[in-house]
J.: 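Quick one: structure below, then a few questions.
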There are 2 protein chains.
Amino acid sequence: MSNAEQRKRKSQLTPRREPVQARARERARQILDTTGRLLEEVGLNDLTTILIAKELGVSVGSLYHYFPNKHAILYAMGEQWLSSMTVALEELEQQDLENLDLQQFLAELLDRLVAVYREQRGLLPLVQAMWGIPELHELDERHDELLISHLSAMYKRLGFVCPPNEMNRLARATLETCHALFLVIVNQAGVRSDRTREDLQQMLFTMLNAHRGEARPAGLDDVEAP
Amino acid sequence: MSNAEQRKRKSQLTPRREPVQARARERARQILDTTGRLLEEVGLNDLTTILIAKELGVSVGSLYHYFPNKHAILYAMGEQWLSSMTVALEELEQQDLENLDLQQFLAELLDRLVAVYREQRGLLPLVQAMWGIPELHELDERHDELLISHLSAMYKRLGFVCPPNEMNRLARATLETCHALFLVIVNQAGVRSDRTREDLQQMLFTMLNAHRGEARPAGLDDVEAP
DNA sequence: AAAAAACCGGCGCAGGGCGCCGGCTTCCAG
DNA sequence: CTGGAAGCCGGCGCCCTGCGCCGGTTTTTT
């Protein structure tokens, strides 16, 4: 079955081989870099392998030495994004959270995450890709899990006593609110973005502060639910 | 230029003709209905004209009597969505807002909007389409403008005294926060969704209450900016 | 210096979905 | 009852774009 063969190849998302030589590693980095730049400029719909190759000044064939197909490039960008988030979150977890109050914690959290959003090239099209391209869905899910697990852990260290399912709900609400407003913030000019950033912090504080001490929230006896 | 011709046809999004007979009008409604159902079931990527026709039990040719192309169907769904929102907002504006306090207002607002989100079939793929398909971008923008203008007007009636650009910022923050959390809410089960709905209300209250009286916010002297 | 890895440009080609076509059926008016 | 307009139907042409392999050359590594 050549069809099955093709599907297999198509669903292959990891790089063809681990680049060993310095030059090759550099190339792979350059490809991602260029792709990021192009995503910003032309958007997801007009991004083609030919365009990437031309922009970078290499041939299409070369591209396929590093990545088995176009989606794999986007996938790699997504992983880069995930790892930036991971770094930011782990740095935050280094801190002495037990002795931070909630406002201080939120200020730290938002600063770090906004920075990650700010430095990511072509973020919006990338998000769009993670929603729209089936092969990349997994990344979106991993992103959510990553944030939920880290946030839950940190909330606990801050003294939250909610049961796991409620913690989960709070983390999800936090993450979605942050994501939505970060996208607003990075598109605003100086003062406005600071104000929105501050509003976000106060909103999160309101939500979290209201629930931090609820050991047994009413009506939430289920263990796991969306 | 057959190419220009084609482009012209492709960019055509309004229905081919206004249906005059009852049967035809009914068909058009059915097409949108079926499309909504299919969007829920198979998602945006696997939605094809053939599938729509087969599901509805008509031929593909028939579809093209009512809509010039596939995107036009989605466009029509989007417009339906916009009009639901408009209705909800206008109903709210009927009320005696001047004598409502902010909490009461937010409760009303959220109830109505959540209801609209709940009853819209295939909402998520539709949103995805409005982001991903260039022809539908306009809908997304109109949606934002719609909400921002209505929200600004209502905030004013509630006694807000901010300058227009700040009002705009607050409306945008409101809309993005609502959108993000509505999508969470409609996917949660009973009690949890109520709690998130309540959290959202308190968060919005926090943000809006903080700024309702700021006639001259510091550093916001520009007239228009993102 | 030989082997392995990286690089190059061209081109075959597959396939999936779009939407037109030509002819039929139904409905309404006169 | 009849004529014509609106509605309906299935098929399939076909496009066309982007994917990704190939055979050969150059560079790096050991």
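Bear in mind that the values here come from a model prediction, so they are computed numbers and not experimental data. Only this structure's heavy atoms are used, side chains among them; waters, hydrogens and symmetry mates stay out.
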J.: By nearest atom, which of the nucleotides C:dC8, D:dC9, D:dG18 is closest to the A:V58 side chain?
T.: C:dC8
J.: OP1 or OP2 of D:dC19 versus the side-chain N and O atoms of A:K70: is any pair under 4.0 Å?
T.: yes
J.: Roughly, in whole Å, what's the span from CD in B:E26 to C1' in C:dT26?
T.: 17 Å
J.: Just how far, in rounded Å, is P of D:dC9 from CD1 of B:I50?
T.: 16 Å
J.: Whole Å only: how far is the NE2 atom of A:H65 from the P atom of D:dT28?
T.: 16 Å
J.: State, without any angle test, whether A:S84 and A:Q120 hold a side-chain donor-acceptor pair at a distance under 3.5 Å.
T.: no
J.: Closest approach to the side chain of B:V60, judged atom by atom: which nucleotide of C:dG19, D:dG20, C:dC18 is it?
T.: C:dG19
J.: Taking the side chain of B:R27 as heavy atoms from C-beta outward, which of C:dG19, C:dC8, D:dC8 is closest to it?
T.: D:dC8
J.: Taking atom types as modelled and ignoring hydrogens, do the side chains of B:T86 and B:S83 form a donor-acceptor contact shorter than 3.5 angstrom?
T.: no
J.: Name the closest nucleotide to the A:Y64 side chain, picking from C:dC18, D:dC8, D:dG20.
T.: D:dG20
J.: How many Å lie between CG on B:L44 and C1' on C:dG17, as a whole number?
T.: 14 Å
J.: Begin from the C-alpha positions of A:F67 and A:T49 and carry the test side-chain contact (heavy atoms from CB on, under 4.5 Å) through to its verdict.
T.: CA-CA 11 Å; A:F67 300 95; A:T49 51; over 6 Å; no
J.: Identify whether the distance between the nearest side-chain nitrogen and carboxylate oxygen of B:E166 and B:R169 falls below 4.0 Å.
T.: yes
J.: Round to the nearest Å and state the distance from B:I31 atom CD1 to D:dG7 atom P.
T.: 12 Å
J.: Contact class for A:S59 (heavy atom, under 4.0 Å): base, sugar-phosphate, or nothing?
T.: base
J.: Using the side-chain heavy atoms of B:T49, tell me which of these nucleotides is nearest: D:dC19, C:dG19, C:dC18.
T.: C:dC18
J.: Atom NZ of A:K54 and atom C1' of C:dG9: how far apart are they, to the nearest Å?
T.: 15 Å
J.: I need the CZ-C1' distance between B:F67 and D:dC8, as an integer number of Å.
T.: 16 Å
J.: For A:N45 and D:dT17, give me the distance from atom CG to atom P, rounded to whole Å.
T.: 15 Å
J.: Is the side chain of B:R192 donor-acceptor paired with the backbone N or O of A:N165 at a distance under 3.5 Å, no angle test?
T.: yes
